[in-house]
Amino acid sequence: MTPILRNRHEKVQEATINLIGRIADRGAEFVPAKEWMRICFELLDLLKAHKKAIRRAAVNSFGYIAKAIGPQDVLSVLLTNLKVQERQSRVCSTVAIAIVSETCGPFTCIPAILNEYRTPELNVRNGCLKALAFVFEYVGEMSKDYIHSVVGLLEDALTDRDHVHRQTACAIVKHLAVGVAGLGYEEALTHLLNLVWPNIFETSPHVIGGVMDAIEAMRLGIGSGPVLSYVLQGLFHPARRVREVYWRMYNTLILGASDAMVPFYPNLGSAADLTTGQDYTRHELMMWV
């Protein structure tokens, strides 16, 4: 069946991949591991197909094969693949690493990714960060057990000169914050927010998008109150460029959690003695109501 995978007809490809995935799921032990590795290489090429259904089928089959032959061999192949020049092939590898971690458990992949990140090569480091972003997006709540182990890597990536590193690291922070929201990891998330925050004045649209996403995820992760206390510092800054960024963040907070922010607004005192007779004091009873 593997030669049929090279068939250019999309429906043929999809059906063949689904069938191979089914075999890997139900009867993987009847095929030698070497053969499964060969199929893995074939599937890697199909992860960059145009049709989404083919990519999804390849992703699922990859997961079954990784489960059948164990993550080690597959992982070493994928991590080596991060060194190639072609971008699409690297992105496919990072997606595949995330699939392996989802099916075999993140503890099989995260140490290998952290080790690979030490390679002083731009493409490899970027690939490792992208792989981690996909891993935490896939595993969701399971990321609570691994948040402390990746904080060191994120510190390095968020303070890197290369803006793509910082952008991808922001994506990791976003998925982490959403994954561990409400599980008592506010301390680690606050540390990460302190590292993300200096990037709010970035000019590249992709980077600023990533940073804003990370900060919005922090609204879920550590609550809207602490994020509001960060935002209040710059709302009335003398420079217009600073104010614009802070008001943009404040507006997203209002949209996302306007009710939760009420107890955290600063105490403005009373203006009852002035002509307006307006009392701005927030009494505890009113806040409770």
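What you see is a predicted model; the values in this text were computed from it and never measured.
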Atom pairs and distances, donor-acceptor, side-chain atoms in residues 55-63, under 3.5 Å, two or more places apart:
from	atom 1	to	atom 2	distance (Å)
Arg55	NH1	Ala49	O	2.9
Arg55	NH1	His50	O	3.0
Asn60	ND2	Arg56	O	3.4
Ser61	OG	Ile17	O	3.0
Ser61	OG	Ala57	O	3.0

Quick one: side chain to side chain donor-acceptor pair (under 3.5 Å) pairs with a partner in [range], sequence neighbours left out?
{"range": "residues 200-221", "result": "Arg166-Glu202"}
{"range": "residues 225-243", "result": "Asn194-Tyr230, Arg240-Glu244"}
{"range": "residues 104-124", "result": "Lys83-Glu116, Asn115-Arg118, Tyr117-Asp156"}

Just to verify, what does [X] make a salt bridge (charged side-chain N to carboxylate O under 4.0 Å, His left out) with, not counting sequence neighbours?
{"X": "Lys51", "result": "Glu14"}
{"X": "Glu102", "result": "none"}
{"X": "Arg38", "result": "Glu35"}

Ignoring hydrogens and angles, write down the donor-acceptor pairs under 3.5 Å from the side chains of residues 132-154, residues two or more places apart or on other chains.
from	atom 1	to	atom 2	distance (Å)
Ser143	OG	Gly140	O	2.5
Ser149	OG	Tyr146	O	2.7

What pairs with Asn251 under side-chain hydrogen bond (donor to acceptor under 3.5 Å, both in side chains), at least two apart in sequence or on another chain?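 None.
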
Which hydrophobic side chains are connected to Ile4, either touching it within the sub-4.5 Å cutoff or through other members that do? Val12

Who else is in the cluster with Leu220 when I, L, V, M, F, W and Y are joined by side-chain contacts under 4.5 Å? Val178

List the residues meeting ring pair (Phe, Tyr, Trp, His ring centres under 6.0 Å) with Phe201, not counting sequence neighbours, and say none if there are none. none

Donor-acceptor contact present, side-chain Trp247 to main-chain Leu235, <3.5 Å: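 Yes; judged by distance alone, with no hydrogens or angles, the pair exists.
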
